Amino acid sequence: MCVSQLQLAILLGMTVALGPLALDAYLPAFPQIATDLNVDHTDIGLTLSVYVGALGLSQLVGGPLSDRYGRQVVLLGGLFVFAVAAAMVAQASSLNEMLAWRLVQGMGGAFCAVSVPAIVRDQFHGKDAARLFGLIGLVMFIAPAAAPTLGVILLAVADWPAIFLMLTGYAVFLAVVLKLRLFRHLPAKER
């Protein structure tokens with residue numbers, strides 16, 4: 001494979017970081033979202049619950065699909081679903097609409113999350129796999145810490161939909177980079 005272990009760790013860490021970014025980047029925008037959607041601030045917390053529930057439960061579907069149809073199809077499909085849902089959240093005009101799209105976004109995020117460990121297990125075993133999981137953990141450790149700060153920065157220059165548009169752009173960027181840098185170098189049976 002033409003991708004080094006460090007490059008693979010960064011690529012897969014960036015992919016796993018999608019989940020924490022989708023959870024934490026919009027936390028500073030809760031008051032603004034509540035005002036714009038004309039709901040109580042506590043009601044916005046439901047968007048977290050819906051996302052986390054979908055993220056957890058959809059992995060039960062994403063794993064078998066990844067085994068059946070391949071890592072590339074499920075991971076890139078998950079990124080596509082995540083990106084579209086994030087763009088639709090940015091356009092939500094009611095809490096129910098936002099909840100529905102956060103549910104879909106969680107499903108897309110789950111397909112990404114479940115694909116990463118499968119790719120590692122496909123490529124490495126034993127100490128090499130443990131080392132790669134450690135490197136991925138280090139890379140993705142930054143996401144939950146940086147996400148709220150990123151949200152605050154985006155709120156300083158734009159309204160809350162910019163956070164979800166950033167998530168859309170990040171998912172599209174990941175899809176392109178993974179397609180060109182990772183999946184292009186994997187043997188057909190391992191895609």
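The figures that follow rest on heavy atoms only: side chains count, while hydrogens, waters and symmetry mates do not. Remember, predicted model here, so these are calculated numbers, not experimental data.
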Remaining members of hydrophobic cluster (4.5 Å side-chain criterion), Ile142 = none
Which pairs, with at least one residue in residues 39-65 and sequence neighbours excluded, count as a ring-ring contact (aromatic ring centres under 6.0 Å, His included)?
-> none
Residues that Glu97 engages under side-chain hydrogen bond (donor to acceptor under 3.5 Å, both in side chains), provided they are two or more places apart = Ser93
Distance (rounded to the nearest 0.5 Å) between Leu79 CG and Lys179 NZ = 12.5 Å
Hits for salt bridge (charged side-chain N to carboxylate O under 4.0 Å, His left out) against Arg131, two or more places apart or cross-chain, chain-then-number order -> Asp128
For atom CE of Met107, is the number of surrounding heavy atoms from other residues, nucleotides or ligands below 6.0 Å larger than 12?
-> no
Only pairs at least two apart or in different chains count here, so list each side chain to side chain donor-acceptor pair (under 3.5 Å) that has a residue in residues 143-165.
-> Asp36-Trp160
Pairing residues for Asp43 by the side chain to side chain contact (heavy atoms under 4.5 Å, CB included) criterion, not counting sequence neighbours = Val39, Asp40, Leu95
Can you name the nearest heavy-atom pair linking Phe82 to Ala171, along with the distance?
-> CD2-CB, 3.7 Å
How many angstroms lie between OG in Ser58 and CG in Leu65, if you round to the nearest 0.5 Å?
-> 10.0 Å
Phe164 meets the ring pair (Phe, Tyr, Trp, His ring centres under 6.0 Å) criterion, sequence neighbours left out, with Tyr26
Residues at least two apart in sequence or cross-chain that pass side-chain hydrogen bond (donor to acceptor under 3.5 Å, both in side chains) with Ser66, listed by chain then number, are Arg71
Side chain to side chain contact (heavy atoms under 4.5 Å, CB included) partners for Leu57, two or more places apart | Leu60
Residues forming a side chain to side chain contact (heavy atoms under 4.5 Å, CB included) with Val116, sequence neighbours excluded | Leu12, Thr15, Val16, Ile136
Minimum heavy-atom separation for Ala113 to Pro117, with atom names?
-> O-CD, 3.0 Å
The single option from Leu76, Leu75, Val74, Leu55 that satisfies side-chain contact (heavy atoms from CB on, under 4.5 Å) with Cys112 is Leu75
CA sep, side-chain torsions, deciding dist, call: Val120, Phe133, side-chain contact (heavy atoms from CB on, under 4.5 Å) | CA-CA 8 Å; Val120 172; Phe133 278 123; 3.6 Å; yes
Sort and list the pairs that fulfil salt bridge (Lys or Arg N to Asp or Glu O under 4.0 Å) and have at least one residue in residues 18-29, not counting sequence neighbours.
-> none
Roughly how far, to the nearest 0.5 Å, is the CG atom of Leu182 from the CD atom of Gln7?
-> 10.5 Å
Between the main-chain N or O of Ala83 and the side-chain N or O of Thr168, is there a donor-acceptor pair closer than 3.5 Å?
-> yes
Applying side chain to side chain contact (heavy atoms under 4.5 Å, CB included), name anything that partners Val177, two or more places apart in sequence or on another chain.
-> Leu11, Phe173, Arg181
